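In each ligand, atom 1 is the first atom listed, and ligand 1 is the first ligand listed. Quick caveat: nothing in here was measured; it's all calculated off a predicted structure.
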Amino acid sequence: MLFGRTKKNPVSLPQKDVARWETVTCGYCSTGCSIDVGLDAQGRAISCRGNAEADVNRGKLCLKGIFEFELFETAGRGTQVLRRDHIGEDFTPASWDEGLDLLHDEIRRIQKKHGRDSFAIISTGQMLTEEFYTLGKLTRGLIHTNNYDGNTTLCMASAVSGYKRSFGSDGPPGCYDDFEHTGYLIAWGSNLPEQHPIIYWRMKDARERRGFPLVAVDPRVTMLAQEADLHLPIRPGTDVPLMNAMMHVIFAEKLEDAEYIAANCSGLDELKEEVAKWTPDRASQITGIHPDTIVSVARAFARARAAMQIWTMGINQSTHGSDGVTGINTLALITGNIGRKGGTSLSITGQCNAMGTREWSSCSGLPNFRYLENDADRAEIARFWGVEEDIFPCSRGLTQTDIYKAMEAGEIKGLWLIATNPLTSLPNTAQVRRAMEQLEFCCVQDCYVDAESVQYAHLYLPGATWAEKDGVMTNTERRINRVRPIVAPPGEARPDLWIFNRLAERFNRDGTMTFPEKAGDIFKEMAKISHGRLADISGMDHALLEEHKGVQWPYTKEQREAGEEPRKGGVRLYEKPASFMHADGRARLIPLPWEDNNERPDADYPFWLNTGRLIEHWHGRTKTGKIAGNNKFSPIPFIEINPDAARDLGIAHGEYVRLVSRRGDAVVMAMPTGRVPPDMVFLPFHFHNAANRLTLGLLDPHSRQPAYKQQAVRIEKIADQQQAAKLSLNRRTF
Ligand code: SF4
């Protein structure tokens, strides 16, 4: 088997006085790179290098991983519990007992006064899986609010929804090894080199050796589009018409895999009826892609020996996000490209443990992809946790995006935020502020005390971060990787697991439920209730994960007992006929009618505003904004603007401009570039008080995920450039 550059030396920084190396998993993106952190004789983290034995990254790291050792000592770390009676007052220090008693009492006070669901809990994709499981157990088993969600609704909800609709369950079916076997790759709305640099390297390495065609579908000329064989510069939000037209061509030319469809799928007639309406000419009018191009891509995709599709936020963060994912799945299904080497629909996930929360947090259901709506699932978990079945609601509560609307309407009175910063990450910041102002009580649990959400906190709990904690994370290809505590958290900061367990003691005074203290014991509990399910981890434990530098699920206890070693890479779902998770084992071919429902540019707001990521920063920039090696590359909020548009507006390179939408404004620096078309600007979303002052955030009807990438703005020149620089500077600092 080829392993590319495995044998080359791992990346390393100029050597300092490293006394020992400790291996953990990167805490930024979902690629799941294995990192050796160098510690000096005093146990201080002073260096990072990629671990060459790990199959995921094979010695490589991106810019974020290389400087991750600096994270532990970044400015603004919270070191003590803080409380205050009223917003705007100064905080006073408190003990952990005082803080946890207050959180317990306020949850119960608000629930007693306003009802069980009037207290909301919103977590993250940044914690470890054992922490997600424990928080879910505490929330579902003891606190009982149904308004419980994670910030993964902002990035992965459409992928989850699309997988469930097509396959009957969440769970990406493919893996990185598919790059080694595919004959054709379409990347939908995914700028892989900047968003997931090491997955990009895996793809590029395979492509250099094997030469498969790459098609990039993206409104911008992204880095990936620049090296693609074909770039389809699609109009924002019109992916579904393009998919429908590709299916139209595939059926019209009888290029479908009829045998695979007959054995594995249902809904063929309804699908054919819908896509018959989507001629390439019609789709071309909507998407801006030439009909001949649509035909040739559809033909090449269907004729490939194995064809692979990947996507990220260009699909998910849309009013058609769930439909877009379903369309990708359907294209794969009708060409027999699921469950085979090199043929897959692989959602590249976002945060380091977005998959862990999907699998185990109980946010949208119960552990391991169980449904609240399913009687047997509720009964099974109630028995296992030792609680009455009727404490569980029979359907999921509000998603994060709807929780803030309910807060604004006064229906939710209390909020516990865990490792998420909605004032940077949610669309329409002004609306989020209005919602936060309505709360009777807000607790923010975060490793940073200077996170903007703390402005609205009555109680602040200092959490530990990343490799100050013990547990696992699941990456994009379902690989479970270890994270170990290699340094101590600062001051009185504590691991989230410790905080959940101490709070559970306060709700669990009669000892009805058990909450194991150690992450390894929690993992064993999770392994037990995973047995026989899609995400079966019953053959794993922490020691095995460390030994193999991560193991992909499923890996069952039967496999382990039979002496079957975990594969180094290449585990796929749905390899057996009719093995999908719908009751009849068949995948659904779902027709996708399309409606143009986005805010669009007009005479008053003539530019599309597109948002996205840069390689050097991570999401809200709470971490990377404080790490010099990351921040120096783009410390100032900026837009990409087409040089023709800049010239027409009289805007020079490096000049500050004011972006205005119907929601608010932001001062940003103009960077003319041909990467964007003349009617679009691109604004990286990392900068505080910038992109989300402007975004609208219309919601996908299935996933409730916001559309961050399709809204309208105008550009205003600023006469006083020095004042604008100060404004921009103030907004980029904490
Ligand atoms: Fe970390 Fe992702 Fe970079 Fe790997 S690619 S080092 S997981 S941020």
Against heavy atoms of C62, which atoms of ligand 1 measure under 4.0 Å? 3 (Fe), 5 (S), 6 (S), 8 (S)
Quick check on contacts: which atoms of ligand 1 are under 4.0 angstrom from a heavy atom of I198? 4 (Fe), 5 (S)
One finds that the ligand 1 atoms under 4.0 Å from a non-hydrogen atom of P197 are 5 (S)
Ion pair check, D470 and R482, cut-off under 4.0 Å: yes
Salt-bridge contact R675-E194 (side-chain N to carboxylate O under 4.0 Å): yes
Quick one: which ligand 1 atoms are inside 4.0 Å of a heavy atom on G65? 6 (S)
Under 4.0 Å from any heavy atom of C26, which atoms of ligand 1 are there? 1 (Fe), 6 (S), 7 (S), 8 (S)
Less than 6.0 angstrom from the centroid, inside 45 degrees of the normal: does R49 satisfy that with respect to the ring of W21? yes
Taking only Lys NZ, Arg NE, NH1 and NH2, and the carboxylate oxygens of Asp or Glu, determine whether R704 and D700 approach each other closer than 4.0 Å. no
Considering heavy atoms of the protein only, find what lies nearest to atom 2 (Fe) of ligand 1 and give residue, atom and distance to 0.1 Å. C29 SG, 2.3 Å
Which of the atoms of ligand 1 are close to Y28, meaning less than 4.0 Å from one of its heavy atoms? 8 (S)
In terms of side-chain heavy atoms, does S634 have a donor or acceptor partner in E616 at a distance below 3.5 Å? yes
Counting backbone and side chain alike, does C33 bring an N/O/S atom below 2.8 Å of atom 4 (Fe) of ligand 1? yes
Check each atom of ligand 1 against the heavy atoms of G32 and keep those under 4.0 Å away; list them by number with element. 7 (S)
Strictly below 4.0 Å, N to O, side chains only: are K341 and D178 in salt-bridge contact? no
Within 45 degrees of the axis of the six-membered ring of W618 and under 6.0 Å from its centre: does K64 put its NZ or CZ there? no
Work out whether the distance between some heavy atom of K64 and some atom of ligand 1 is less than 4.0 Å. yes
